[in-house]
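Input: a single structure, listed below in structure tokens.
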Amino acid sequence: MEKIKIRVALSGNPNVGKSTIFNLLTGLRQHTGNWPGKTIEKKEGIYEKDNYILEIIDLPGIYSLTSHSLEEIIAREFIIKEKPDVIVVIVDASSLERNLYLLIQILELYSRVILVLNMIDLLHEKKYKIDIEKLEKKLGIPVVPMIASKGIGIGELVDKIIKVYKGELICKPEKIDYGNLEYIIENIEEKIPKNIDGYNSRFIALKLLEGDDIVKNICKERINYEEIEKIIGKREDTAISLANARYQWIKKILMDTLEKPKTPVITLSDKLDYIFTHPILGLPLSFIILGLVFWLTYTINNLLSDPLENILGIFQKFLEKYLLFLPSFWRALIFNGIWQGISILLTFIPLIIIFFFFLAILEDTGYLARVAFVTDRIMHILGLHGKAFLPLMISYGCNVPGIMAVRTLENEKDRILLILISSFIPCVPRILVSAFFANVFFPKYASLILLSLYFISFLSVFISGKIIRKFFLKTSFSPLIMELPLYKLPNFKIVGIYIWEKLKAFLQRAGSVIVILSSIVWLLGNYPQKNIENSLLAYIGKLFLPLLKPLGFNWQLISALIAGFVAKEASLSTISTIYQSSGENLRNILLKEISPLTAYSFMVIQLLYIPCAGTSATIYKETNSLKWTIFSIIYSLTFAYFISFILYIIISLFKTLL
Amino acid sequence: MTMVTKILNYIKEKQIVNKAEIKKKFNLSNNELELILIQLRDLGYIREKNITPLCNNCPYLKSCSQECLKSEILFVELPKQDLDGK
């Protein structure tokens, strides 16, 4: 006797255990291909029981039957065109609200449906109780509780599939009452045939009210759509009313059948977020935490930097001894040029490790995402684009990937605006230069000085955003919802990798760009004669002296700023190379040559002025415009000068008054 | 005013919101909020934007530890045309 074939389609949201059930049913008797004309995988298999062969088709995981994604279109067309004998809708029992939404949509299209409540054990773990019989009655379809991972419930599912096919179990889904909209739905249904291309008239009416493009096009081809368009009228009200009706329907069904624990669970993440993302407290708190990180970094670093300087000194002497065979020119280039540039940066190794240790912990625990969220929200309130979040967050490490992250924005003007302001976020090399100056000139208040620089950069992003939006790029806002990651304990392996990757990048730059730059600076400082005051380097620096003299700058600081264009940390190596000729300790000579106020102005300027060469190249690549690249350089240069100048005058006046 | 409308208006008003805030403000469970967001997506009011593919193509991926951005943060946008008509 020939066996009876039953075509069964499995449908459900992604990650509800659909594939597990498919594999349990079909075992090795399955094959995989693609949906006709599509690149999405199609899985089919068979299951035999008694006189029946169940042909199982695994539909793509979807959230609804609208035509937003290819998966949704495939699933809908399959139900319409292939007309399976039974559809099994698999839901995650612990996320019923979201999952039942798909069930509603399928029931509006098809009636022979079985609902599988998979992962029912998770529901029980949450202390929820569900009345299966009542749920069956309310929905009007069979319901099967299941734990697919343990194979529990598979037998019952197969039995019910066969019973539904044989008509022993009747599916009579309850129709959702759309309230006031029922009148409009009926009106539309009257204007269209009972069935168009396999879709029933009610489904068509609902989808037209929701603005489904595919259904709309089908109607335009087959019927007088203008009449229907008049009935639909303004889409927003009706579409939202449909969503409300469905939301209420699901809520009512679950209220009658699902018993939840009385007290809602407030997670630790919720409690922490209440404080860390608080509209008023959030930002000051982030500054306090950042200040604490700086303070800890400095305190620990101060314990380690002196021994490291001593080790570097011993290493230098050792090298000098073994390189005595070299001609004096090469020895001078290596020890007075390259080594001076590199060694000053190498003294930052403890600082980098400590700073990135804390930064990695803040990031890995999920706190840094909150800082960006709070910052971003405040910027949005003040008039900046909401999606500054991502570039801002990434730019804290390095501006280059931060600027690349601007690609997430579709609008070109938004992209350019964010590219221009992202470069004001202090990257790590800039912080290193500032950290050195803060430690030399303000040893007691170094962490507060760094914090003030962060504040200035924050203000610069805000002010520049306002200026550029008002005068150069008029952009509009797109609101957004974000899902912040849950807080978690830091993974020290990840923290270790993070520190190592940053340190490696720093050392690679020190070993390449800084070596070359230090050599060039030393050569320029010794050409055409050995007196550095009459050198080419001094000549270049002095060219810009009239501009920066009012801020107390000397040509040495200006040369450092010029070198900083190549790589920000080169400012420091350049200063070290220039001042080595005096033979004095760099800290002492800086304290003698520059006032604390000038040092602070230098920190502000190097924080904000022109993006480094790598960032500028990325700006060009991302904007594909020389005009905007030059604009970003000129704008940041002007802005940095202006801000630094204002600060210099204000602090000078303040000092005079005191 | 119904829940879906309330949430849509809240997003429009706040411009940038955390899902946890919406849940707290309207006393919603995670599932209830997800249901509303899926419906709003179906209606074309919000658009999901997962940044993971972008991170995967980033040349700085190896030295980037933005784990939270790579996997868990999801952008949902409100199309401009709908907001302009607010």
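A, B, ... follow the sequence lines: proteins, then strands. Residue 1 opens every chain. These numbers come from the heavy atoms of this one structure, side chains and all, not from hydrogens, waters or symmetry mates.
- Residue B:Y10 qualifies as enclosed at atom OH: its count of foreign heavy atoms under 6.0 Å is above 12.
- To the nearest 0.5 Å, atoms CE (B:M3) and CD1 (A:I240) are separated by 13.5 Å.
- Atom OH of A:Y101 is separated from atom CG of B:L35 by 7.5 Å, given to the nearest 0.5 angstrom.
- Note: A:Y247 OH to B:I36 CD1 = 4.0 Å, rounded to the nearest 0.5 Å.
- Ranking A:L254, A:L96, A:N244 against chain B, the residue ahead of the rest is A:N244, based on heavy-atom pairs under 4.5 Å.
- Between B:R41 and A:S64, the closest side-chain pair of non-hydrogen atoms falls below 4.5 Å.
- Contacts of B:L33 with chain A are absent, with no heavy-atom separation under 4.5 Å from either backbone or side chain.
- Judged by distance alone, the side chain of B:N31 and the main-chain N or O of A:R98 form no donor-acceptor pair under 3.5 Å.
- A salt bridge does not link B:E21 with A:R370: none of the charged nitrogens is closer than 4.0 Å to a carboxylate oxygen.
- Of all heavy-atom pairs spanning B:S29 and A:E97, the tightest one is OG-OE2, 4.0 Å.
- Looking only at side-chain heavy atoms (C-beta outward), B:D42 and A:Y63 stay at 4.5 Å or farther from each other.
- The candidate with the highest count of non-hydrogen atom pairs below 4.5 Å against chain B, out of A:N99, A:D212, A:D273, A:T66, is A:T66.
- With a threshold of 4.5 angstrom between heavy atoms, B:K24 approaches chain A through side-chain atoms but not through N, CA, C or O.
- The minimum heavy-atom distance linking B:L43 with A:A243 is given by the pair CD1-CB, 3.8 Å.
- Heavy atoms of B:L28 lying under 4.5 Å from chain A belong exclusively to its side chain.
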